[in-house]
2 protein chains.
Amino acid sequence: MSGTEERPTALRPTRQRLAITDALREATDFQSAQDIHDALRQGGEKVGLATVYRTLQAMAEAGEVDVRHNPAGEATYRRCSPSHHHHLVCRSCGRTVEITGSAVERWAHAVAEEHGFTDVSHTVELVGLCAECAARHDGPRR
Amino acid sequence: MSGTEERPTALRPTRQRLAITDALREATDFQSAQDIHDALRQGGEKVGLATVYRTLQAMAEAGEVDVRHNPAGEATYRRCSPSHHHHLVCRSCGRTVEITGSAVERWAHAVAEEHGFTDVSHTVELVGLCAECAARHDGPRR
DNA sequence: CCAAGTATTGGGAATCGGTCTCAATCTACC
DNA sequence: GGTAGATTGAGACCGATTCCCAATACTTGG
């Protein structure tokens, strides 16, 4: 507390952290900590799993990456704001369509501001039944 | 295998399932499986934890409830479309503000339809920094 | 109403993602 | 070069969720 001022506690750019940031940069989609850990291994970089979790968590807290939970409940990460888009997923066959919508972007921003929030990112996921599956199930389940 | 045709496999309305549906109806917010299990116990209904998980899962699959993962990673459930709202969460202190926005609702519906999807539900989550936390960190990180 | 057949339940073990602990290692700075 | 503090990584640990399987409840035919 009463110390040498508050230093921004800058994260030290260690080899491991750079590797993780890099892996994140390569990925275009949300990746689970384990995915990244695997990718790193394959790339020859040896990084402990705990470190991956720690770093990802720190980055999320710092607002450098967005977090999201996939259906399986795993936390997945993606670096902030690269070609930003959302997903429309079929709850039956899993088919996924990428969608963009400046309308939501604007709305999200406005709402956040209205409540005094800043530096806002958002996650939107639409889940429905795609045309094909709807046709297949045609027998109205209920 | 070659039996009496495919029967819709309707879920049997057992005491347990009714109790769960009921508990879900009472709740206005997202509840974890364990929350529901507890509530049920308190209400005098004895239901196994496994059953709660199973039922909730089945209902989610049937589209009767929405699933969401709280920051802790737990899956939480809420019956579909009761006063529908979303959350604006502070990434620093966790404070949560409920928000509603017919604009998003409309957008979601329109986009889904455009891609041939029906029976769509959506999840929107805004994550940002609330005014207080922003003030505390006042040192403009960047 | 009784019996057989099948879906459902529930307790506890097994999984599994994620976090925590702590000694060894590395960096920055004096 | 030397010391303090940051970082790492292996494995123990933890809590949520799933799995297993015998006991139980509901359904339907006779």
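Lettering follows sequence order; numbering is per chain, from 1.
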Original post:
Can A:V47 and A:T55 be said to form a side chain to side chain contact (heavy atoms under 4.5 Å, CB included), step by step?
Top reply: CA-CA 11 Å; A:V47 181; A:T55 304; over 6 Å; no
**OP:** For atom NE2 of B:H115, decide whether the heavy atoms of other residues, nucleotides or ligands shown that lie under 6.0 angstrom number more than 12.
**Re:**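 Result for NE2/B:H115: enclosed.
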Original post:
More than 12 non-hydrogen atoms from neighbouring residues, nucleotides or ligands closer than 6.0 Å to CZ on B:R15, yes or no?
Top reply: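 Counting other residues, nucleotides and ligands, CZ of B:R15 stays at 12 neighbours or fewer.
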Original post:
Is the shortest heavy-atom distance from the side chain of B:E113 to the side chain of B:H109 under 4.5 Å?
Top reply: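 Contact flag for B:E113/B:H109 side chains = yes.
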Subject >> Pairwise side-chain contact, A:Y77 with A:Q31, heavy-atom cut-off 4.5 Å (strictly under) >> reply: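 No; the side chains remain at least 4.5 Å from each other.
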Whole angstrom value for the distance that separates [atom2] of [N] from [atom1] of [X]:
X     : N      : atom1 : atom2 : answer
B:H37 : C:dG11 : NE2   : C1'   : 10 Å
B:D35 : D:dT17 : CG    : P     : 10 Å
B:L56 : C:dT9  : CG    : P     : 13 Å
B:N70 : C:dG18 : CG    : P     : 13 Å
B:E74 : C:dG17 : CD    : C1'   : 13 Å
A:Q34 : C:dT19 : CD    : P     : 11 Å
A:Y77 : C:dG17 : OH    : C1'   : 11 Å

**OP:** Using atom types as modelled and distance alone, determine if a side-chain donor or acceptor of B:D22 lies under 3.5 Å from a backbone N or O of B:A19.
**Re:**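 No, because the side chain of B:D22 does not come within donor-acceptor range (under 3.5 Å) of the backbone of B:A19.
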Original post:
Does B:R79 reach the main-chain N or O of B:V65 with its side chain, forming a donor-acceptor pair under 3.5 Å?
Top reply: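 It does not hold such a pair.
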**OP:** Determine, using ring centers only, whether B:H86 and B:H122 are less than 6.0 Å apart.
**Re:**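 When the ring centroids of B:H122 and B:H86 are compared, they turn out to be within the sub-6.0 Å range.
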Look up atom [atom1] in [X] and atom [atom2] in [Y], then write down how far apart they are to the nearest 0.5 Å.
X     : Y     : atom1 : atom2 : answer
A:R54 : A:L49 : CZ    : CG    : 10.0 Å
B:D35 : B:L24 : CG    : CG    : 11.0 Å
A:E64 : A:L56 : CD    : CG    : 11.0 Å

Subject >> Bracket string, DNA chain C, 5' to 3' - pairs by Watson-Crick or G-U geometry under 3.5 Å, | interstrand >> reply: ||||||||||||||||||||||||||||||
**OP:** Output the single nucleotide from C:dG18, C:dT8, D:dT7 whose closest atom is nearest the side chain of A:R17.
**Re:**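 Closest nucleotide to the A:R17 side chain: D:dT7.
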Original post:
Given D:dG9, C:dT19, C:dT9, which nucleotide is nearest the side-chain atoms of A:Q16?
Top reply: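 For the A:Q16 side chain, the nearest candidate turns out to be D:dG9.
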Original post:
Contacts to DNA chain D from residues 38-47 of chain A, heavy-atom cutoff under 4.0 Å, which residues?
Top reply: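 When residues 38-47 of chain A is checked for heavy atoms under 4.0 Å from DNA chain D, the hits, listed by number, are A:K46, A:V47.
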Original post:
Is any side-chain nitrogen or oxygen of B:T14 closer than 4.0 Å to OP1 or OP2 of C:dT8?
Top reply: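 For C:dT8, neither OP1 nor OP2 has a side-chain N or O of B:T14 closer than 4.0 Å.
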Subject >> Under 4.0 angstrom between B:Y53 side-chain N/O and D:dT18 OP1 or OP2 >> reply: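 The answer is no; no side-chain N or O of B:Y53 sits under 4.0 Å from OP1 or OP2.
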**OP:** With DNA chain D as reference, determine whether B:R15 or A:V52 sits nearer its 5' end, using the nearest nucleotide of each.
**Re:**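 Upstream on the strand: A:V52.
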Subject >> For the student: nearest non-hydrogen atoms of B:H69 and A:G73, plus distance >> reply: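 Shortest heavy-atom separation between B:H69 and A:G73 comes out as CE1-CA, 3.4 Å.
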Contacts under 3.5 Å, N or O only, protein and nucleotides 20-22 of chain C:
none

Subject >> Sugar-phosphate, base or nothing in reach of A:A72, heavy atoms under 4.0 Å >> reply: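 Counting heavy atoms under 4.0 Å across all strands, no contact is made by A:A72.
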